[in-house]
K.L.:
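Take this structure first; my questions come after.
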Protein chains: 2
Amino acid sequence: MNTERPADALIDLAQEFRDALRQSVYVLRRLDAHAELSSAQLGVLKMALDGGARVGEIARDLGVKVPSATEQIIRLERAGLLRREADPDDSRAVRVLATAEGRAAIELADRRRNERIAAILATLGRDERDAISAALPVFHKINRSITP
Amino acid sequence: MNTERPADALIDLAQEFRDALRQSVYVLRRLDAHAELSSAQLGVLKMALDGGARVGEIARDLGVKVPSATEQIIRLERAGLLRREADPDDSRAVRVLATAEGRAAIELADRRRNERIAAILATLGRDERDAISAALPVFHKINRSITP
DNA sequence: GTTCATACTTAGGAAGCCTAATAGTTAGGA
DNA sequence: TCCTAACTATTAGGCTTCCTAAGTATGAAC
């Protein structure tokens with residue numbers, strides 16, 4: 001006998017999903033712990049590659065307000081990882097560009113983190129990796145649905 | 001021709017996984033945004049149900065250091081959502097217990113968040129929900145592998 | 001050429017987390 | 001017994017990241 005209405009099953013899945021979200025925060029903290037670049041900084045810096053980006057674009061992409069992005073940008077600029085310059089098309093705007101050091105820092109930080117995760121993924125069974133692989137796009141889709 | 005060695009495929013999956021982690025942080029921020037209780041507080045408060053928990057247990061379970069747990073506990077105590085009392089078995093320890101208001105707050109906060117997620121899950125196809133469902137345990141397993 | 005909108009910065013503040021130092025309690029060995 | 005080492009929690013101080021509100025400068029539109 002089915003005592004569970006469909007709605008309840010959805011709520012249960014939602015609860016599990018939320019638990020996974022919460023865990024993700026802890027995992028990301030661990031991953032950031034002894035790193036030279038935090039995930040937040042890495043996110044900003046990556047936007048500054050390939051022709052750079054405007055401050056507002058960076059903020060939008062990272063899901064934060066403009067002042068928060070400015071703060072990170074200033075910090076990274078002081079560290080010599082990116083530079084700011086006036087946007088030639090719009091003097092109100094500021095273009096943010098990664099320096100050579102910035103690019104090197106991204107490369108290093110990304111590689112270290114990816115290798116650490118990859119080592120864990122390597123211990124999984126093929127079916128487990130497939131499960132992750134199949135879920136990531138859906139995960140992405142769900143996350144996009146949650147707007148401010 | 002297969003130009004991709006297995007190791008590269010793992011690194012790629014690791015990168016995608018990391019992107020998902022990063023997004024999770026943003027999602028959780030959105031979810032917390034106008035909530036009466038933050039996710040961090042909700043986590044602490046949930047540990048204080050069913051006979052309560054010691055400060056150290058709470059910290060361990062939530063993946064933070066003891067002083068961080070203490071801080072949350074004090075905040076929640078001031079809000080009247082939990083109370084602290086001496087552990088009868090060990091006078092060094094402190095037992096943390098949710099009050100009736102605390103239990104009500106958990107119930108409300110959980111319900112609101114779960115309903116919001118469930119509404120999004122409801123828009124997915126069955127195969128997409130299945131993908132999420134299958135991946136969550138693996139996700140959990142990976143997260144447990146990443147230790148400080 | 002005002003006026004309104006846009007882009008960013010500055011200022012101030014809150015939430016969370018951390019380490020180091022402290023106080024009190026327990027437990028174990030001389 | 002008593003002394004020391006280990007453990008539990010709190011306090012103090014500091015960092016990061018985020019936010020809102022207010023200010024400056026530029027662009028666009030009438």
Side-chain angles (χ1 to χ4, degrees), chain A residues 22 24-45 47-48 52-79 82-97 148, chain B residues 22 24-45 47-48 52-79 82-97 148:
Chain A
R22 194 173 66 96
S24 300
V25 174
Y26 302 143
V27 168
L28 217 47
R29 248 207 298 281
R30 300 280 168 284
L31 236 38
D32 276 14
H34 300 96
E36 50 304 316
L37 235 51
S38 72
S39 288
Q41 290 174 328
L42 196 50
V44 171
L45 204 42
M47 287 287 294
R54 294 165 55 147
V55 176
E57 289 172 349
I58 293 175
R60 210 169 313 120
D61 189 77
L62 299 183
V64 300
K65 300 295 179 186
V66 171
S68 304
T70 296
E71 195 177 343
Q72 293 291 357
I73 289 163
I74 288 173
R75 195 189 307 272
L76 290 166
E77 188 179 39
R78 272 201 284 262
L82 56 76
R83 65 176 190 282
R84 286 187 283 182
E85 52 189 45
D87 189 316
D89 301 336
D90 184 345
S91 312
R92 293 170 303 178
V94 170
R95 290 208 74 79
V96 178
L97 294 134
Chain B
R22 193 173 66 94
S24 300
V25 175
Y26 302 142
V27 169
L28 216 48
R29 246 206 299 281
R30 300 278 168 284
L31 236 37
D32 277 12
H34 300 97
E36 50 303 317
L37 233 51
S38 72
S39 289
Q41 291 174 326
L42 195 50
V44 171
L45 204 42
M47 288 286 295
R54 293 164 54 146
V55 176
E57 289 172 349
I58 293 176
R60 210 169 313 117
D61 189 79
L62 299 183
V64 300
K65 301 296 178 186
V66 172
S68 304
T70 296
E71 192 177 341
Q72 293 291 357
I73 288 163
I74 289 173
R75 196 190 309 273
L76 290 166
E77 189 180 39
R78 273 202 283 263
L82 57 77
R83 65 176 190 282
R84 285 186 285 181
E85 53 188 45
D87 188 316
D89 300 338
D90 184 344
S91 311
R92 292 171 303 179
V94 169
R95 292 208 72 79
V96 179
L97 294 134

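In what follows, chains are A, B, ... by sequence order, proteins preceding strands, each numbered from 1. It should be emphasised that the depicted structure is a prediction, and the values quoted were computed from it without experimental measurement.
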K.L.:
Check the side chains of B/Asp32 and B/Ser39 for a donor-acceptor pair under 3.5 angstrom, ignoring hydrogens and angles.
P.N.:
yes
K.L.:
Going 5' to 3' along DNA chain C, which nucleotides are the first and last within contact of chain A (any atom under 4.0 Å from a heavy atom)?
P.N.:
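Reading along DNA chain C, I get C/dT6 to C/dC17.
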K.L.:
Using a cut-off of strictly less than 4.0 Å, decide whether A/Ser38 has a side-chain nitrogen or oxygen near OP1 or OP2 of D/dT16.
P.N.:
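No, no such contact exists.
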K.L.:
Using heavy atoms to find the nearest nucleotide of DNA chain C for B/Asp89 and A/Arg30 separately, return the residue whose nucleotide is more 5′.
P.N.:
A/Arg30
K.L.:
Would you classify B/Val94 as touching base, sugar-phosphate or nothing, given that sugar-phosphate means primed atoms plus P, OP1 and OP2, and contacts are heavy atoms under 4.0 Å?
P.N.:
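Answer is sugar-phosphate: B/Val94 comes under 4.0 Å of backbone atoms only.
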K.L.:
Distance check needed: D/dT17 P versus A/Leu28 CG, whole Å only.
P.N.:
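So the CG-P distance, A/Leu28 to D/dT17, works out to 11 Å.
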K.L.:
Distance check needed: D/dT16 P versus A/Glu36 CD, whole Å only.
P.N.:
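My rounded result for the distance is 15 Å.
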K.L.:
Mind checking if B/Val66 touches a base, just sugar-phosphate, or nothing, with heavy atoms under 4.0 Å?
P.N.:
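If one applies the 4.0 Å heavy-atom cut-off, B/Val66 turns out to touch a base.
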K.L.:
Using a 4.0 Å heavy-atom cut-off, does B/Asp90 contact any base of the nucleic acid, only the sugar-phosphate backbone, or nothing at all?
P.N.:
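Touches sugar-phosphate only.
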K.L.:
Looking at every strand, decide which applies to B/Arg84 at a 4.0 Å heavy-atom threshold: base, sugar-phosphate, or nothing.
P.N.:
sugar-phosphate
K.L.:
Rounding to an integer number of Å, can you tell me how far B/Lys65 NZ sits from D/dG13 C1'?
P.N.:
18 Å
K.L.:
Whole Å only: how far is the CZ atom of B/Arg29 from the C1' atom of D/dC19?
P.N.:
10 Å
K.L.:
Identify the two heavy atoms, one from B/Leu76 and one from B/Leu45, that lie closest to each other, and give their separation to 0.1 Å.
P.N.:
CD1-N, 4.2 Å
K.L.:
Over how many whole Å does the gap from B/Arg54 atom CZ to D/dA9 atom C1' extend?
P.N.:
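So the CZ-C1' distance, B/Arg54 to D/dA9, works out to 10 Å.
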K.L.:
Closer to the 5' end of DNA chain C via nearest nucleotide, is it A/Tyr26 or A/Arg60?
P.N.:
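The residue closer to the strand's 5' end, by nearest nucleotide, is A/Arg60.
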K.L.:
Rounded to the nearest angstrom, tell me the gap between atom CZ in B/Arg22 and atom P in D/dC18.
P.N.:
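Value for this atom pair: 11 Å.
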K.L.:
Just to be sure I understand the rule, does A/Gln72 reach a base, reach only the sugar-phosphate, or reach nothing, if contact means heavy atoms closer than 4.0 Å?
P.N.:
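Sugar-phosphate contact only - A/Gln72 comes under 4.0 Å of backbone atoms but never of a base.
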K.L.:
Over how many whole Å does the gap from A/Leu37 atom CG to D/dT16 atom P extend?
P.N.:
12 Å
K.L.:
Output, in order, the C-alpha distance, side-chain angles, deciding distance and verdict of side-chain hydrogen bond (donor to acceptor under 3.5 Å, both in side chains) for A/Tyr26 and A/Arg22.
P.N.:
CA-CA 7 Å; A/Tyr26 302 143; A/Arg22 194 173 66 96; 3.0 Å; yes
K.L.:
Could you tell me if the side chain of A/Arg84 sits less than 4.5 Å from the side chain of A/Arg95, heavy atoms only?
P.N.:
no
K.L.:
Minimum heavy-atom separation for A/Asp61 to A/Met47, with atom names?
P.N.:
OD2-SD, 3.2 Å
K.L.:
How many whole angstroms separate atom CZ of B/Arg78 from atom P of D/dT10?
P.N.:
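Atom CZ in B/Arg78 sits about 12 Å away from atom P in D/dT10.
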K.L.:
So does A/Glu85 pair up with A/Arg83, basic N to acidic O under 4.0 Å?
P.N.:
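Judged by the 4.0 Å cut-off on N to carboxylate O distance, A/Glu85 and A/Arg83 do form a salt bridge.
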K.L.:
To check you understand the geometry: which heavy-atom pair defines the closest contact between A/Gly63 and B/Arg30, and what is its length?
P.N.:
O-NH2, 2.7 Å
K.L.:
Could you say whether A/Ser68 or A/Arg92 is positioned toward the 5' end of DNA chain D, judged by the nucleotide with the nearest heavy atom to each?
P.N.:
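Of the two residues, A/Ser68 wins.
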